[in-house]
Amino acid sequence: MAILLYKHCKGRREAKSLFLSMKFLQSLLLSLLLLLGNICYGQEKQPDVQWFRDAKFGLFIHWGLYSQLGGTYKGKNYYGSGEWIMNRAKISANEYAEIAKQFNPVDFNAEKWAQFAKDIGARYVVITSKHHEGFSMYDSKISDFNIVKASPYGKDPMKFLSKAIRNKGLKFGFYYSQFLDWHEPNGGGNNWDFDENKKNYLKYYREKSIPQLKELLTNYGPLGLVWFDMPGGLSKEQTKKIIDSLHQLQPQALFSSRVGQGLGDYKDFGDSEIPPSPVADAWEAIYTHNDSWGYIQHDLNFKTPEELIRLLANVSSKGGNLMVNIGPDGKGDIPYYSQQYLLEVGKWLKKFGDAIYGTTYGIIAAQPWGVTTSKPGLLFLHVMQRPANGKLLVPGFNATITKVYQVDNKKDVKWEKSGTDLIVIIPELEDKRNTVFAVNYSGELTGQSDSLRTQIVSQQYNVNELEAINGTLSGNGKVETITYSYYFGDWKHTTCITGLTDTSDAAIFKLRITEPGDFKVVLEYTCPDSSKNQEGVVEFNDNNQQLYFRTLHTSEENSSEPVLFIKHAIGIVHVDKPGQYFLKIHPYKNGGVSLFKMKDILLVPVK
Ligand code: FHN
């Protein structure tokens, strides 16, 4: 019955479509009785997603036996995601278990880690309690392959860390890989030691995965969330049952969508993936800091403070949270560049955090100068590229402005209004990575309402980018996100226009060009061998100007290889006067194959 009630209360959307049959009324009555008796979990207390929505910035920590190896096994360096080293080097479960004997993270200091999380401005921390390698980073009674029993360290770091993090006022959560377990004969994934045909996944769930999750939900105080990963081997019904039983232990803990089968309390996109346009439901983007989740001593490709600050603003402008990962080493030290660069994010958040925490997606879409985030009565302008003349155009501002100020120093900034154009006269940027201005307004701000969203194109910037997602498509044209990788597990995602095969298959961009002048037109695309040498046309302003091109071969599409994008300059268009323009791209002839997968069109002012 508990499951029945849970279903009715949780699946509000499903419930709407249910017709009020007698059966439904009966079960509703029963449910109410159960609710009164407080017999089952959470009907009166849906997990509260609001703290998560407001948090905006989280710290992810991948820490396990792989951290001890640091990407090197038997003298060979592995590139890509370090926590997969057991799989990539096909190390047997017995041999891998030996690594635990050297794992002694004596530098681990829960207080330091918690202070670090606080100082970088994270509002929640999620750490791996058991990754695919099968090693439990906490004191588990279910499996002896754990840090207390199998390593010389002999202590439970999670006891200390969970408390220290909460003491700083942050939410604490566990990552748990619920299906993959390369240590266990019945766990998913290890086919180099164990015969896949003899595996009993349900037994694995029953005997390790679920009991361990119960330990984590019982022994470490209130959890903000449980971050599941890589589901497998279970039906939707089975997954639901497990979720219900776990939720009973901590009704407030949020479960990530990687619990599988479309379930979970909030959505996680793919690794290193941001949706191309805003998403209203609670969601999270997850990024590595270098190119690996687990520590790799020879991976120093850390995202710079500028990249991190802009990534955070970009994710917030689409309504999501950013969780950035660090990979501490086998001694328990956080890599130097993660410390330095993430602390820079913390400093930036101290000044401009009002424009991130507690915000929702930007009501005004991305502009050549940057992105926006919103709060009731406030629109935040994240300026990452200053217009050369200092006049920042915010189109579609259809509410009454009270004042405009710079967020960190609260100094008023001059502004003018012309129709629904807001022009903010901005000073030199205090922080070139991102200086935020706030527009205080009354009334309702709805932004641009037209379906063909007009994009501002201006001579004031070094480049104007027309992203694929903003094209209006006709015929077989469609928008698709392609996935590829540089290193193993280092995923990249790019949204592209594809399907432009015949002359009637087109992508149209509606532009508002603010000054006269010339623009170089650059197509950024990937093109496999099968699509090379296709002819296409860019029509500018209703056929007045046409640029012809022939596609150039770049690379084949493969999710485990890099996909290469070329910036193909195809000509120059001239603009006599400011105004509304169309830019249309389509094949020159019928009967070919798709032109390419086009990421964007760049309009580069010719100066
Ligand atoms: O395979 C894992 C990977 O090691 C890492 O933990 C990431 C984090 O999102 N999740 C899986 C891949 O999606």
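Numbers for residues simply follow the sequence, beginning at 1. Both ligands and their constituent atoms are indexed starting at 1 by order of listing.
- Taking every non-hydrogen atom of Tyr175 and a distance limit under 4.0 Å, the qualifying atoms of ligand 1 come out as 6 (O).
- When ring centroids are compared, Tyr96 and Trp182 stay outside the 6.0 Å threshold.
- At the top of the distance list for atom 13 (O) of ligand 1, counting protein heavy atoms only, stands Asp271 OD2, 2.9 Å.
- Near Glu83, with a cut-off below 4.0 Å to any heavy atom, the atoms of ligand 1 are 3 (C), 4 (O), 5 (C).
- With contacts defined as side-chain heavy-atom distances shorter than 4.5 Å, the pair Tyr175/His62 qualifies.
- Salt bridge Asp354/Lys375: present, at least one basic N to carboxylate O contact under 4.0 Å.
- Aromatic ring centroids of Tyr124 and Phe52 lie under 6.0 Å apart.
- Within the 4.0 Å heavy-atom shell around ligand 1 one does not find Trp491.
- Stacking of Lys492 on the aromatic ring of Tyr486 is recorded, both the 6.0 Å distance cut-off and the 45° axial limit being met.
- The cationic atom of Lys130 (NZ for Lys, CZ for Arg) lies less than 6.0 Å from the six-membered ring centre of Tyr176 and within 45° of the ring axis.
- Counting the atoms of ligand 1 from 1 in the order shown, those under 4.0 Å from a heavy atom of Trp84 are 1 (O), 2 (C), 3 (C), 4 (O).
- In terms of protein heavy-atom proximity, atom 5 (C) of ligand 1 is nearest to His62 NE2, 3.4 Å.
- Polar contact check, His132 against ligand 1: a nitrogen or oxygen pair lies under 3.5 Å apart.
- No part of Glu133 comes within 4.0 Å of ligand 1, judged by heavy-atom distances.
- For ligand 1, the atoms closer than 4.0 angstrom to any heavy atom of Trp227 are 9 (O).
- Taking the centre and axis of the six-membered ring of Tyr78, the NZ or CZ atom of Lys76 falls inside the cone set by 45° and 6.0 Å.
- Neither the backbone nor the side chain of Phe269 has any atom closer than 4.0 Å to an atom of ligand 1 (non-hydrogen atoms only).
- For an aromatic pair to be called close, the ring centres must be under 6.0 Å apart, and Phe108 with Trp113 satisfies this.
- The residue among Asn87, Leu180, Asn325, Asp229 with a heavy atom at the shortest distance from atom 10 (N) of ligand 1 is Asp229.
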